[in-house]
Every structure is written in structure tokens, then in C-alpha cells.
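Comments concern the structure below.
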2 protein chains.
Amino acid sequence: MPALLLKDLPRFECLLEYARHNPDLDPSALVAYLHLLRASDIAFAAADRNFTRFGLSHGRFGVLMLLLRKEQADGSCRVDEKSGRTPADLAAAAGVSRATMTGLIDTLERDGLVTRQPDEQDRRMMVVKMTEQGRERLSRLLPIHFQTVAELLAPLSESERQTLLQLLSRIRDPRAVALDPVAADAPASFST
Amino acid sequence: MPALLLKDLPRFECLLEYARHNPDLDPSALVAYLHLLRASDIAFAAADRNFTRFGLSHGRFGVLMLLLRKEQADGSCRVDEKSGRTPADLAAAAGVSRATMTGLIDTLERDGLVTRQPDEQDRRMMVVKMTEQGRERLSRLLPIHFQTVAELLAPLSESERQTLLQLLSRIRDPRAVALDPVAADAPASFST
DNA sequence: CTATTGTCGTTAGCAGGCTAACTATCCGCC
DNA sequence: GGCGGATAGTTAGCCTGCTAACGACAATAG
């Protein structure tokens, strides 16, 4: 069920051993890297257990969250009524390929959590909408999901979470860094 | 290619928006959780690009590392000559199912990086050994892999890495915590 | 010595990503 | 007005993980 491999802890030994034999490389980077994968895998698997209980997966959950967000557009978030509802838009927003999004929507539609109708203006497009049942299921899952997240981070104090977040946000894709070296030490505020 | 979804950044907005509408839940936990998945995904994908360049995957790389470790047994590491070479042992050490290990070894054997021979003592078992070609490929890959890891962590100073590591190692599986609450605040030194 | 129990490796079939290629449609330019 | 290039959604096929179930074999109980 965990999409990422749980195999980090065991590999610790081998890699660290190798590092011991080759002291020219950076042991602290390696250890941090392995802990990062391990912690993320734990969090991923914990969330996935909740999703599975509700007949969802990480991918399908993401789609429903995107649709929920659109529905909250009447609230504080200014999102034009149109954007984000077509499969292509959802795929871009969710970070998966259009082909994958087709499969996700297929399953969601089969389970009655989502509807798919042809767009009237542009007949290439489809319009994906969340059903009442989808909203209901999401509203049952979300408190549990957030509680799980809270439990995962429970061992850390508020200020420690800030520190963790600040350190994590400075880890960047080396390729991206090469393209945009200036951003390497920016505080990196995503959600704004 | 990335086995974990790259879709964390986009979902930031939706989840944070939801959190804004429901202030009873823990925003700092949610943000830390999302940054954790994102950072891990970046690291995972960066490593995976190297593996792919050398015809490997995360899983196959892990197997070779385990076999390499066995081979270093003549050095500083006291490992009995026998352990860790059967598929079942490798599966347990790598954290995958035995069925998955069969597939990993199949591919590695097909590519000539590993051999599989029946065990003489116990005819249920097989003995997996790394070939010279496997050693050679691993020795070409490892410097690049370690350099990638070093680049990923380059934005952090030595003491920041220590902090990161210390915070990450306190994130535990909620289920495991329930079983062993004492370990929840232990420093958690794995590699010893 | 036989029967039960358990382990090893493999197979079959599922899930969820991906790319590449296809059809249908829109847009812009002549 | 029509034609070429871009875009939407789908399909087909691959990869890699998983579980469940199998036959072969070992180990132990009686």
C-alpha cells in the first residue's frame, strides 16, 4: 500500500558502511537524506492508510481536494468559476500526467464521487464536478486525515516545526537550483 | 519515473485553504507534513534519475548495496558469510515482499549484475551473488549518487543538518508509537 | 517413520504511476 | 473559407510495487 518503499531503515547500514570506507564523501548529508526518506515514508504510509479506509488513494484524494477548493471559490478564495475543473487542469494542478488523471477520474466517477460532463463551449473538454457523495466522503475523511498529520508531528513543538519547515524548504532540486541559483537561499514561501 | 507523486506543491493551496476555514486543526503540523513530502519527493526523484541512468531502480540499487555490504564482510564489518544472500533475507533487509524481490533479482540477473544459484545445504533456497559487472556498475554509480545527495543537502550547514536529522528522527509512525511509547522521545540512533 | 507445520521461491493478478500515440476539436493565419 | 499547428481526453503498453496462493522442501511432533 505505501507507494514509496519502506526500505530506508535497512539500507542505512549499507550506505553508512560504505561512507565509512570512503570518508571523502559527506556523511552528514547521507544520514540526513536517509532520515528524510524514512520520515516521509512513514508520513506517506500513515496518510495512505486513512485514504484506503475511505476507498481513496493519494491521487484520488488530491483530485477531490482540488475540486473542493474550487467549490470554496464562493468564499475567501478568488478563483474564477471556470478554472481547475477540466481533467487537463486537474492534472496540472495535481502534478500528474493527463493520462493518469483520466484513470483517477474514471475510478472516482465509477464510485459516484465525481461526475464528468462535456463542456458546452469547447467540445474537446470535459467538466469534472464533485457529487454530494464525494463531498460527504471527503468531509468524513478530512478530520481523520488532519488528526493523523497532527499525530505525526506531535513529538515536535511549535517552534521545532517552524525550524523543520525552514530547513526542509531549503532543500531544492539540484536541477532547479542550476536554473535559478538565486532562489537557493530564499525563505521559499509557497502558499502565498 | 519518480515513484512518489510530485503533486505536493499544488495541493498546498487546497489543504491550507481548508485549514484556514477550519482553524481548529493544526496548521503548523499540516505545513510541516506537506514540506516533508515535498522535500522527500525531490530527493527521491533526484536519486532516481541517477539510478535510471545506470539501468537501475531504487529497488535494484538497494539489492546491490546489500550485496556489496556482504562483500565488505572481509573488512571491518562482522557479518557471517552466509546471511543476507538469499532472496528472503534480501527482501527482509530491503523492506520489500519476497515476491518483489524475485522480480528485482530477475531483472538484475537478466542484466548480468547478479547470479542466482541453488543452495547446496537447503534446496529450498537460492544464493544471490553480485557479479563483477555488478560491482563495476555500482562503483561507477556510487560517486555520482553521493554527489547528488551532497548537492541536495548543500544549502544546509553541518549544524543545520544535525538539527534536521534530530527533528526528522522524532517523527514516528503513530501505530508504532502506540506500541512503544517510551521510544517516542529517544534520540533514535539507527546505525548503531 | 509419518504427519503437520512452516519456510522458500515463484507465479498470477491487481493497482497506480508513466510515455507515446491516437482522435476530435479549436485557433490563427493565409 | 480552409488548412496547419496546438490542445483535450483517451487508449495501449510498460514498470514496479503489492497480496494471495502455489509446489518444493525442511524441521519437528508423535
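Not measured: the values here are computed from a predicted model. Chain letters run A, B, ... following the sequence lines, proteins first and then strands; every chain starts at 1.
Rounded to an integer number of Å, the gap from B/L90 CG to D/dG17 P is 14 Å. Atom pair A/M125:CE and C/dC26:P shows a separation of 9 Å (rounding to whole Å applied). Separating the CG atom of A/D119 from the P atom of C/dA24 is a distance of 19 Å, rounded to the nearest angstrom. Per the geometry, CG belonging to A/D41 stands 11 Å off P belonging to D/dC18, to the nearest Å. For the pair A/R124 CZ and D/dA8 P, the computed distance is 6 Å after rounding to whole Å. Spacing between atom CZ of A/F51 and atom P of C/dA15 amounts to 19 Å, rounded to whole angstrom units. A straight line from CD of A/Q121 to C1' of C/dC27 spans 16 Å, rounded to a whole angstrom. In this structure, the CG atom of A/D111 is 10 Å from the P atom of C/dG16, given to the nearest Å.
With sequence neighbours left out, B/E132 forms a salt bridge (charged side-chain N to carboxylate O under 4.0 Å, His left out) with B/R135. Partners of B/R53 by salt bridge (charged side-chain N to carboxylate O under 4.0 Å, His left out), not counting sequence neighbours: none found. With sequence neighbours left out, the salt bridge (charged side-chain N to carboxylate O under 4.0 Å, His left out) criterion links B/R137 to no other residue. A search for salt bridge (charged side-chain N to carboxylate O under 4.0 Å, His left out) contacts involving A/E160 returns B/R170, not counting sequence neighbours.
Nearest nucleotide to the side chain of A/L104, out of C/dC8, C/dG17, D/dC18: C/dG17.
Under the salt bridge (Lys or Arg N to Asp or Glu O under 4.0 Å) criterion, the residue pairs touching residues 106-117 of chain B are B/D106-B/R116, B/E109-B/R116, with sequence neighbours excluded.
Within the 4.0 angstrom heavy-atom criterion, only backbone atoms of the sugar-phosphate kind lie near A/S57; the bases stay farther away.
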Enumerate the protein-to-nucleotides 10-15 of chain D contacts in which both atoms are nitrogen or oxygen and the separation is below 3.5 Å.
residue	atom	partner	partner atom	Å
D/dT10	OP1	A/R116	NH1	2.9
D/dT10	OP2	A/T102	OG1	3.1
D/dT10	OP2	A/R116	NH1	3.1

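By the 4.5 Å heavy-atom criterion applied to side chains, A/M65 and A/L142 are counted as neighbours.
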